[in-house]
Amino acid sequence: MKYCFGVDIGGTTVKMGLFTTEGDLLDKWEIKTRTENGGEAILPDIARSLQEKMEEKKIKELQMSGIGVGVPAPVGSDGIVKNTANLGWGYKEVKKELEELTGQRVKVGNDANVAALGEMWLGAGKGQKNMVMVTLGTGVGGGVIINGKPVVGAHGAGGEIGHICVNEKETISCGCGKKGCLEQYASATGIVRFAKERLAKDESPSFLREGEVSAKAVFDALKEGDVVAEEIVKEFGQYLGHAMANVAVIVDPSVIVIGGGVSKAGEILLKYVEKAFKEREFFANEGTKFVLATLGNDAGICGAAKLIL
């Protein structure tokens, strides 16, 4: 039996999975991400944990195909990260350092691209070779797969869908420093902003006036027939659907996978995004389907494993 590891490095925890090369997830676990002192302990901690798992499972080095790693930053094809927002790393030769620590072959990718690869391999995009994945959480992440491989780009920033400009008149800055990014409207944060602006506009009755406003609360209210919530979701859907129509013209995916915390709203979310997509789609993209991600938090480790395979 041959094995590989999938490693998904996050700002709080590092998720890890042991896979067979056939794609069976045999075990998964996580460790704390120690970001202090420039994140110097992160890779040694990972190497130690993987070694312990091999000893526990009585796996020899000859049985290992390698280690795939997803990191929350642009990554070059050489496995080098030049900066990260939340790991404490500046310039980091992740591939080289982890290979030296483990003695195994290592491949490294951006976490959103890697999650997209996971959904293509074992999730909602299974059987597809050309797909786009959008993750809707605190921000908006993206991964583009062409002919079965993630688009990395010249600077490791391929697939940064969340930073497409969708509103040139925006006056508030995105976290990236620019203004009018998709992330400002299609994320959980963006939905809350829409909701607060809409509630302040007039006194229309809404379930949203009864408690804390969150993206989940907006979709829950929508499911109860709340008119104000529907206005908010329509606006969200337009921004995301129109942006994805623009992406589709360039990428021509067979499927667009929607993941992240906001996607837990379910099929009702797709209705509003697909409607807006149809308004702007290029005629050749008429067959593009929208589906919800199915792997949840395992997408990262699955994609990382596929990266090495």
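Treat the numbers as computed from the prediction; the structure is a model and nothing was measured.
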Checklist entry - Residues in side chain to side chain donor-acceptor pair (under 3.5 Å) with D27, at least two apart? => result K53
Checklist entry - For T21, what residues pass the side chain to side chain donor-acceptor pair (under 3.5 Å) criterion, not counting sequence neighbours? => result none
Check this for me: [X], atom [atom1], are more than 12 non-hydrogen atoms of other residues, nucleotides or ligands nearer than 6.0 Å?
X    : atom1 : answer
E22  : CD    : no
E168 : CD    : no
N167 : CG    : yes
K278 : NZ    : yes
E36  : CD    : yes

My understanding is that only residues two or more places apart in sequence, or in another chain, count here; which of them pass side-chain contact (heavy atoms from CB on, under 4.5 Å) with [X]?
X    : value
K271 : none
L222 : F219, A229, E230, V233, I268, Y272
C176 : H163, C174, K178, C181

Distance from [X] atom [atom1] to [Y] atom [atom2], nearest 0.5 Å?
X    : Y    : atom1 : atom2 : answer
I9   : D111 : CD1   : CG    : 9.5 Å
I301 : M16  : CD1   : CE    : 10.0 Å
L199 : K196 : CG    : NZ    : 10.0 Å
R280 : H242 : CZ    : NE2   : 4.0 Å
L295 : K126 : CG    : NZ    : 9.5 Å
R105 : K107 : CZ    : NZ    : 6.0 Å

Below 4.5 Å, heavy atoms only, C-beta onward: do [X] and [Y] meet side chain to side chain?
X    : Y    : answer
E286 : E281 : yes
I80  : V94  : no
P72  : L87  : yes
I232 : I191 : yes
L98  : V108 : no

Charged N-O contact under 4.0 Å between [X] and [Y]:
X    : Y    : answer
R198 : E231 : yes
E52  : R48  : no
D78  : K95  : no
E279 : K275 : yes
K96  : E99  : no

Checklist outcome for this item: Tracing side-chain contacts under 4.5 Å among Ile, Leu, Val, Met, Phe, Trp and Tyr outward from V249 reaches F282, F283
Checklist entry - In the hydrophobic clustering that connects Ile, Leu, Val, Met, Phe, Trp and Tyr at side-chain heavy-atom distances below 4.5 Å, which members other than L62 occupy its cluster, ordered by chain and number? => result none
[X] (side chain) donor-acceptor with [Y] (main chain) under 3.5 angstrom:
X    : Y    : result
T13  : K15  : no
R193 : Y185 : no
T135 : G260 : no
S206 : V228 : no
E170 : I172 : yes
T20  : D24  : yes
S187 : Q184 : no
N37  : G39  : no
S49  : D45  : no

Could you list the donor-acceptor pairs under 3.5 angstrom formed between side-chain atoms of residues 234-241 and any protein atom two or more places apart in sequence or on another chain?
none

Item to check | Intermediate values then yes/no, side-chain contact (heavy atoms from CB on, under 4.5 Å), K201 and E197 | outcome: CA-CA 6 Å; K201 188 175 167 186; E197 288 173 355; over 6 Å; no
Checklist entry - If you take all heavy atoms of A215 and V192, which pair is closest and at what distance? => result N-CG2, 3.8 Å
Checklist entry - For the residue pair T102 and A47, what are the closest heavy atoms and their distance? => result CG2-CB, 3.7 Å
Would you kindly confirm whether [X] and [Y] end up in one hydrophobic cluster when ILVMFWY residues are joined by side chain heavy atoms under 4.5 Å apart?
X    : Y    : answer
V257 : V114 : yes
V106 : L101 : yes
I164 : F194 : yes
M64  : L26  : yes
L43  : V75  : yes

Next on the checklist: List the residues meeting ring pair (Phe, Tyr, Trp, His ring centres under 6.0 Å) with F290, not counting sequence neighbours, and say none if there are none.
Outcome noted: F277
Item to check | Residues that F5 engages under ring pair (Phe, Tyr, Trp, His ring centres under 6.0 Å), provided they are two or more places apart | outcome: none
Checklist entry - What pairs of residues pass the ring pair (Phe, Tyr, Trp, His ring centres under 6.0 Å) test when at least one of them lies in residues 64-121, not counting sequence neighbours? => result none
N/O donor-acceptor pairs under 3.5 Å from side chains in residues 136-159, not counting sequence neighbours:
none

Checklist entry - Is it the case that N130 and D252 place a side-chain donor and acceptor less than 3.5 Å from each other? => result no
Item to check | Test side-chain contact (heavy atoms from CB on, under 4.5 Å) applied to M244 and I161, step by step | outcome: CA-CA 9 Å; M244 295 319 297; I161 291 163; 4.2 Å; yes
